[in-house]
Amino acid sequence: MTRISTAPRYRCFSRVMEEFTLQKHGRTLSSFYFNDITKEFADDFSLFIQKRDAERDNEGSLYGNLKVLRGLVYYAKNLGVPDIL
């Protein structure tokens with residue numbers, strides 16, 4: 001996170017990802033590593049968001065959440081975090 005203006009987006013993403021990992025995997029977000037983020041994980045996350053948004057009559061969060069996920073993986077890869085995709 002490099003700008004204050006993006007902090008709310010990251011907080012929202014963190015809450016959504018925590019909800020997803022608890023419901024889908026029965027684990028907290030903090031127990032995941034970057035090598036746990038696979039295509040299947042991303043597909044499941046996308047489906048989770050789509051279902052959740054449909055229940056809430058909200059259509060706008062899929063793109064934003066996937067953009068944040070991609071950005072975090074890219075940032076970690078640039079920092080040299082091992083086992084990134």
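- Side chain of Ser46 to backbone of Ala42: a donor-acceptor contact under 3.5 angstrom is found.
- Side-chain atoms of Tyr75 and Val81, non-hydrogen and from C-beta on, never get closer than 4.5 Å to each other.
- Residues Thr28 and Ser31 come closest through the heavy atom pair O-OG, 2.7 Å.
- Not one N or O on the side chain of Asp53 forms a donor-acceptor pair closer than 3.5 Å with the backbone of Gln50.
- In the hydrophobic clustering of ILVMFWY residues, with side-chain heavy atoms under 4.5 Å counting as a link, Leu47 and Phe13 come out apart.
- Val73 and Tyr63 are members of different hydrophobic clusters when ILVMFWY side chains are connected at heavy-atom separations under 4.5 Å.
- Taken from CG in Leu72 to CZ in Phe34, the straight-line distance is 6.5 Å, to the nearest 0.5 Å.
- Remark: Arg70 pairs with no residue by the salt bridge (charged side-chain N to carboxylate O under 4.0 Å, His left out) rule, at least two apart or across chains.
- Heavy-atom neighbours of Glu40 CD from other residues, nucleotides or ligands within 6.0 Å: at or below the threshold of 12.
- At least one side-chain heavy atom of Arg52 sits less than 4.5 Å from a side-chain heavy atom of Val16.
- To the nearest 0.5 Å, atom CD1 of residue Ile37 and atom CE of residue Met17 are 6.0 Å apart.
- Rounding to the nearest 0.5 Å gives a distance of 9.5 Å between CZ of Arg11 and OG1 of Thr6.
- By the ring-ring contact (aromatic ring centres under 6.0 Å, His included) test, Tyr74 pairs with no residue at all, sequence neighbours left out.
- Applying the salt bridge (charged side-chain N to carboxylate O under 4.0 Å, His left out) test to residues at least two apart or on different chains, the pairs with a partner in residues 14-24 are Lys24-Asp44.
- Side-chain heavy atoms closer than 4.5 Å link hydrophobic residues (I, L, V, M, F, W, Y) into clusters, and following such links, even through other members, never connects Leu22 to Leu29.
- With rounding to the nearest 0.5 Å, the separation of CG in Leu69 from CZ in Phe41 is 7.0 Å.
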